[in-house]
Amino acid sequence: MANKIQAVKGTREFYPEQMALRNFIYEKVRKASQAFGYQEWEAPFIETIDLYAAKSGEELVKKQSFTFEDRGGDFVTLRPELTPSLARMIAAKQGELTFPVRWWSFGPFWRYEQPQKGRTREFFQWNVDMLGVNSPEADAELIAVGAAFLRSVGLSPERALIYVNNRRLMDSEFDALGIVPEKRLEVSNLVDRRTKMEPAKWDSYAFDLGLNQSQLDGLKDILGNFDLWKKSEELTRLFATLEALGVKEYVKFDPNIMRGLLYYTGTVFEAFDTSGSLKRAIFGGGRYDNLLADVGGQPLSGVGFAMGDVVIGIILQEAGLVPEFMPTPAPVLVTLFDESLWMKSFELAAELRTAGLNVIAYPEPAKLQKQFKFADKMKIKLALVIGPDEAEKGLAVIKNLGTGEQVQVKREALVNSIQEALKNA
RNA sequence: GAGCCUGUAGCUCAACGGCAGAGCGCUACACUGUGGCUGUAGAUGUUGUGGGUUCGAAACCCAUCAGGCUCCCCA
C-alpha cells in the first residue's frame, strides 16, 4: 500500500456497483425530464474563469473551484456549475432557438471544497431549465419535474418534500418591516442560518445586522407564518398549478427557504429528505430573470433547478430503493468442458450472441465446479455445458441456476429454449 | 481556511506498551461432468506513510496523506 498512487482527494471511483447506481439515477432523471419534453444537452467541462468571475465573484471562484493556467497562459476552470454556460449558449443562439427552451443535462462538476458525507469535490449534477416563459405556471412545471423524479425513484411525500418560497414575497415582507433593500441579502443569510443556530445566538446575529427588536419580532412572525403564501398571487397560482399537475402532495410553502444564490428573483424551492440521516438538500432551484443579460444576451427569464448525484445516492441507498445490483449484463454462461472443446464453446457463444443474447464464455479450461461457482457469483441465470457426449450428439445442456434443473436440448432448438428459460428465470 | 475523531488481513472490527487476532470472504478437499447449503483443512499483514520516545510501539509523541463529524461555504 505504501507506494500506491491514491485517487485525487474528493474524486469518485465508480466500481461497477456504484456505476450501476449512477446509471440508475441517470435513467430516472432522463425519464422525468423527457416526460415533460425536455431536450438533453451538454456544455464544456472546462470554461474560462471569467465566465464565473462575472457572476459569482472572484473570491468564490478562486477559493472553491479547480482553476489552473493552461499551456497558453489562459486561466481555465473545471466547471463548478452549469447555469453560466447555459446562459452563454442560449444567448449565442437566442435568435434561432425555438422558445420556450426546455433543456436538461446530467454531467460532471468540480468544486474545491472539504469533502464530507454527501459532498465530494467531483460530482454529477442534473440540471433542468426552462427559458422564455415567465410565469408561476412555468415555475410549477419545473417543480413537477422534480416531484416526478422523486416519485419515480420511490421517494413518497412522507420521505421527501419540496419546500417553496418566493423572493418577491419576502422582499415585500421585508419592506413592510422597514428593512431597506440594501439589507436584503444579509437578512436572507440570516434566514438561511436560522435552523443551524441556537435561538439566542441567532437573535444577537440579527441585532448585529442592525435589526431592532420590533423588526426581529416581525421577522420571526413571517418565518413562522406558513399561510403567508396566500398573500402572494404568484404562489397562489403556483399551488393551483401544482395541484393540476398532480404533485401538490410533494410541495409545501416554507418562508425559511431562501437559497444563497444572488440571481434568484422569484420562486425558489428546495427538496429535502424528511427522515434520513442527511440534512442536505436533494435539489434546489428557482426563477432567475437577469442571467442572460449578464452574459450579453437579450433579457430572458428562466427557471431551473439542479440535483447532485451524491446526496440522492446516499438517500436511495439508506431507503433501500436501489435496485439489486446485477454483476453482469449476461444472463448466460457458456462453460468450457476441456481444452479439446474450447473452440466448440466459443462457437456456441458466438452463435447465441448473433441471436441477440448477452453471453459470457468461460475464457479458459477450468474445473466445472469453478465455472459454476463463477456463474453463481455473477448471478448468471443459465449455464450451458457442452461435454464430449453433447458434442458428439449435437446437443447442449442448459442448467437453470435458480432452480437447479437442467435439460439436454438439440443445438437447433437451443436459442429458443434459452429464450424460454430466461422468461421464467 | 479552523477544530475534533478515525486509519490493523480482501471486508467488518478486536488487541490499547510485552507472541497481531476473530467473524465474513478466499483457496483446497469431501464432490476428478455442475454453483448455492454443510463439514474438514489452509493462506492471509511493511498495523495508511515518514520520523521520534522506549529494553520493547499497532498502541505514546511529531509530521504527512486519506476518510468522517462540525464550523465556514454551498454557484
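Bear in mind that the values here come from a model prediction, so they are computed numbers and not experimental data. Convention: sequence-line order gives letters A, B, ...; per-chain numbering from 1. The basis for the numbers below is simple: all heavy atoms, side chains too, and nothing from hydrogens, waters or symmetry mates.
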Engineer: Take A/Gln114 and A/Arg280, find for each the nucleotide of RNA chain B with the closest heavy atom, and name the residue whose nucleotide sits nearer the 5' end.
Structural biologist: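 Going by which nucleotide is closer to the 5' end, it is A/Gln114.
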Engineer: Convert the base pairs of RNA chain B into dot-bracket notation, remembering that pairs crossing earlier ones are written with [ ] and that bases paired across to another strand are shown as |; include only Watson-Crick or G-U pairs under 3.5 Å.
Structural biologist: (((((((..((((....[..)))).(((((.......))))).....(((((..]....))))))))))))....
Engineer: With a 6.0 Å cut-off (strictly less than), is the heavy-atom count around CD of A/Glu339, excluding the residue itself, greater than 12?
Structural biologist: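 Count not over threshold, so no.
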Engineer: Roughly how far apart, to the nearest Å, are B/rC37 and B/rC4 at atom C1'?
Structural biologist: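 That atom pair is separated by 47 Å.
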Engineer: Check whether the side chains of A/Glu122 and A/Trp110 place a donor and an acceptor atom closer than 3.5 Å, and report yes or no.
Structural biologist: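 Distance-only check passes for A/Glu122 and A/Trp110.
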Engineer: Checking A/Arg12 against A/Phe123: charged group under 6.0 Å from the ring centre and within 45 degrees of the axis?
Structural biologist: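 Here A/Arg12 fails the 6.0 Å and 45° test against A/Phe123.
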Engineer: Would you kindly give the CD-to-C1' distance between A/Gln369 and B/rC37, to the nearest whole Å?
Structural biologist: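 My rounded result for the distance is 14 Å.
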Engineer: Between A/Arg111 and A/Glu81, does at least one N-O distance fall below 4.0 Å, as a salt bridge requires?
Structural biologist: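 Salt bridge absent between A/Arg111 and A/Glu81.
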Engineer: In whole Å, I'd like the distance from the CG atom of A/Asp192 to the P atom of B/rC71.
Structural biologist: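 Whole-Å distance recorded here is 14 Å.
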Engineer: Between B/rC71, B/rG36, B/rG33, which nucleotide gets closest to the side-chain atoms of A/Glu390?
Structural biologist: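 Of B/rC71, B/rG36, B/rG33, B/rG33 is nearest to the side chain of A/Glu390.
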Engineer: Looking at residues 12-25 of chain A, who's got a heavy atom less than 4.0 Å off RNA chain B?
Structural biologist: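 Nothing qualifies; none.
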Engineer: On RNA chain B, nearest-nucleotide positions of A/Thr120 versus A/Glu113: which is more 5'?
Structural biologist: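 Closer to the 5' end of RNA chain B: A/Thr120.
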Engineer: Count the heavy atoms belonging to other residues, nucleotides or ligands that lie under 6.0 Å from NZ of A/Lys344, then report whether that count exceeds 12.
Structural biologist: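 No - once you tally the heavy atoms of other residues, nucleotides and ligands closer than 6.0 Å, there are 12 at most.
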Engineer: From OH of A/Tyr112 over to P of B/rC72, roughly how many Å is that when rounded to an integer?
Structural biologist: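 Distance, rounded to whole Å: 21 Å.
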Engineer: Using the P atom as the point on both nucleotides, what is the distance between B/rG21 and B/rC72, in whole Å?
Structural biologist: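 One P to the other, the span is 47 Å.
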Engineer: Can you label the angle between the A/Phe14 ring and the A/Phe124 ring as parallel, tilted or perpendicular, going by 30° and 60°?
Structural biologist: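 Plane angle over 60°, so perpendicular.
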Engineer: Do NZ/NE/NH1/NH2 and the carboxylate oxygens of A/Asp273 and A/Arg280 come within less than 4.0 Å?
Structural biologist: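 Looking at A/Asp273 and A/Arg280, the cut-off is not met.
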Engineer: Looking only at atom C1', what distance separates B/rA14 and B/rG45, rounded to whole Å?
Structural biologist: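 Each nucleotide's C1' atom is 15 Å from the other's.
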